[in-house]
Amino acid sequence: MRILFIGTGDIGLPSLEWLLSTPKHEVVGVITQPDKPAGRKLVLTPPEVKVRALAAGLTVLQPPKIRHIVDELKAFNADVAVVVAYGQILPKSVLDVPRLACLNIHASLLPRHRGASPIQACIREGDAETGVTIMFMDEGLDTGDILIMDAMPILPMDTGGVLHDKLAVAAPASLERALDLIAAGNPPRTPQDNALSTHCGKLKREDGRLDWNKSAAELELLIRAYNPWPGTSCLITGEKPAVLKVHRATVIEGDACPQPGTIVSADPKSGLVVSCGGGLLKLEEVQGEGGKRLAAADLLRGNALEVGTVLA
């Protein structure tokens, strides 16, 4: 079949690679977001999807608004559009362009975690599993009928970044089965139960500010979920307040202090332990303001963090 690929995020790269390599289908074009400034020097940088597509000799379009190029989309004569992490809501005029279907690859088990941050949401909420959903797109936000859904367990050490990569690698197998069903005709469609739906919005850096009034278990999930983006941090209070980024932490047994955020242990042997709203959290990997990512024990060897200091 003739496939129009619509995507921007790196999570779609393995699916694009598979589409380019399979003899079953032909990628007729790629639609992705415009190049954006990146890095400290704000160098205009193309999405990796664009880089790969151009290397394959494909036509790439980067409209600021996809609704403005409906005629150009029709010119591809696509049978199916495959959409993954594109970054824009597709209007009905775009959804109606492909001859057979407009499919979305979504990184959760719908209808749970509709929205922009399903990978972080499933870890943050303590879900036991997640997976890849291939759905028929409609005008709603991740509300279309389900074609394929493949689950995978969430492991205790999975971070947002690790799970992102696992789901990216798993997606092509789900996509292949979905396209086979489309090609065979009369593909199954399972409506979503809206009563079971949850929503997860686009994350901002401030969402990663640690609230020590939460339990240690909640904070450990949050730290894993938001690694690497948007990251998690807190403030070391005192005469010269400083930001402390937290990259990894574990829940440990012990009694919490009355004031959440209090450092109850701060030496290289016993580690950096903080009292929470419920339980204790041992900070395993941290990053001081302007410094490098370090094991907490290494940070403590060069920085005097005192027991009783309150993190905010």
Side-chain angles (χ1 to χ4, degrees), residues 1-35 46-107 110 132-140 142-150 167-190:
M1 293 187 294
R2 293 172 61 83
I3 307 295
L4 179 62
F5 186 88
I6 305 176
T8 304
D10 289 353
I11 195 169
L13 284 171
S15 294
L16 177 58
E17 289 286 358
W18 174 76
L19 286 168
L20 292 172
S21 65
T22 180
K24 294 181 179 181
H25 308 292
E26 176 191 2
V27 180
V28 294
V30 169
I31 315 300
T32 191
Q33 294 274 42
D35 299 356
E48 285 299 318
V49 165
K50 174 185 177 180
V51 174
R52 181 65 188 93
L54 291 177
L58 297 174
T59 298
V60 177
L61 301 181
Q62 296 177 274
K65 299 291 183 182
I66 195 170
R67 67 174 181 267
H68 294 155
I69 63 161
V70 172
D71 288 340
E72 290 93 326
L73 298 178
K74 290 179 179 178
F76 287 110
N77 294 316
D79 298 308
V80 175
V82 173
V83 183
V84 52
Y86 176 51
Q88 291 184 31
I89 298 294
L90 304 191
K92 188 175 188 301
S93 59
V94 173
L95 297 176
D96 289 343
V97 166
R99 183 175 65 88
L100 297 175
C102 194
L103 300 179
N104 178 247
I105 303 174
H106 184 77
L110 290 172
V132 175
T133 299
I134 310 289
M135 67 176 173
F136 294 94
M137 295 185 71
D138 61 17
E139 294 178 83
D142 300 329
T143 55
D145 293 345
I146 293 170
L147 174 57
I148 291 287
M149 195 152 60
D150 293 318
L167 290 164
V169 170
S174 300
L175 179 60
E176 180 175 17
R177 290 171 51 221
L179 291 175
D180 285 348
L181 289 169
I182 294 288
N186 297 316
R189 302 179 71 119
T190 303

- Message: Quick check: closest heavy atoms across A170 and V132, and the distance to 0.1 Å?
- Response: CB-CG2, 4.4 Å
- Test side chain to side chain contact (heavy atoms under 4.5 Å, CB included) applied to F76 and V27, L61, V30, I3, the passing residue: L61
- Task: Taking the side chain as every heavy atom from C-beta outward, state whether D96 and V70 have any pair of such atoms under 4.5 Å apart.
- Result: no
- Message: Pair D150, R177 - check side chain to side chain contact (heavy atoms under 4.5 Å, CB included), show working.
- Response: CA-CA 11 Å; D150 293 318; R177 290 171 51 221; 2.7 Å; yes
- Backbone N or O of L13 within a donor-acceptor pair of the E48 side chain at under 3.5 Å? no
- Message: Any heavy-atom pair between the side chains of P63 and I31 that's under 4.5 Å?
- Response: yes
- Answer whether the closest heavy-atom distance between the side chains of R52 and L16 falls below 4.5 Å. yes
- From T133 atom OG1 to I148 atom CD1, the distance as rounded to the nearest 0.5 Å: 10.0 Å
- Item | E17 backbone acceptor or donor facing S21 side chain under 3.5 Å | yes
- Measure the spacing between CD of E176 and CG of L181 and express it to the nearest 0.5 Å. 11.0 Å
- Message: Quick one: does any side-chain atom of N104 pair with a main-chain N or O of M135 as donor and acceptor, under 3.5 Å?
- Response: no
- Item | Heavy-atom pair of closest approach, residues I11 and A168 | O-CB, 3.5 Å
- Could you tell me whether the side chain of Q88 and the main chain of P64 form a donor-acceptor pair under 3.5 Å? yes
- Query: Closest heavy-atom contact between I182 and P187?
  - Reply: CD1-CG, 3.7 Å
- Query: What are the two closest heavy atoms between A171 and S15, and how far apart are they?
  - Reply: CB-OG, 3.6 Å
- Message: Within the structure provided, determine whether P91 and R67 are in side-chain contact (heavy-atom separation under 4.5 Å).
- Response: yes
- Query: When rounded to the nearest 0.5 angstrom, what distance separates CG in L95 from CZ in F136?
  - Reply: 13.0 Å
- Message: Could you tell me if the side chain of L58 sits less than 4.5 Å from the side chain of L20, heavy atoms only?
- Response: yes
- Can you see which heavy atom on L90 is nearest to which on V94, and at what distance? CD1-CG1, 4.2 Å
- Query: Can you check whether S174 reaches I105 side chain to side chain, under 4.5 Å on heavy atoms?
  - Reply: no
- Query: Can you check side chain to side chain contact (heavy atoms under 4.5 Å, CB included) on I66 and I6, steps first, answer last?
  - Reply: CA-CA 10 Å; I66 195 170; I6 305 176; 4.2 Å; yes
- Message: Any carboxylate oxygen within less than 4.0 angstrom of a Lys/Arg side-chain nitrogen, looking at D79 and R2?
- Response: no
- Message: With heavy-atom distances below 4.5 Å as the criterion, would you say the side chains of T32 and F5 are in contact?
- Response: no
- Using atom types as modelled and distance alone, determine if a side-chain donor or acceptor of T8 lies under 3.5 Å from a backbone N or O of G87. no
- Run the side chain to side chain contact (heavy atoms under 4.5 Å, CB included) check on L175 and L19 step by step: do they pass? CA-CA 9 Å; L175 179 60; L19 286 168; 4.1 Å; yes
- Task: For side chain to side chain contact (heavy atoms under 4.5 Å, CB included), just list the numbers for L179 and K24, CA-CA rounded to whole Å, side-chain angles, deciding distance to a tenth of an Å, and then say yes or no.
- Result: CA-CA 9 Å; L179 291 175; K24 294 181 179 181; over 6 Å; no
- Message: With a 4.5 Å cut-off on side-chain heavy atoms, are P188 and L147 touching?
- Response: yes
- Message: Measuring from atom CD1 of I69 to atom NZ of K65, what distance do you get when rounded to the nearest 0.5 angstrom?
- Response: 13.0 Å
- Query: How far apart are the closest heavy atoms of W18 and H25, and which atoms are they?
  - Reply: CH2-CD2, 3.8 Å
- Rounded to the nearest 0.5 Å, what's the gap from NZ on K74 to OG on S93? Could you check? 8.0 Å
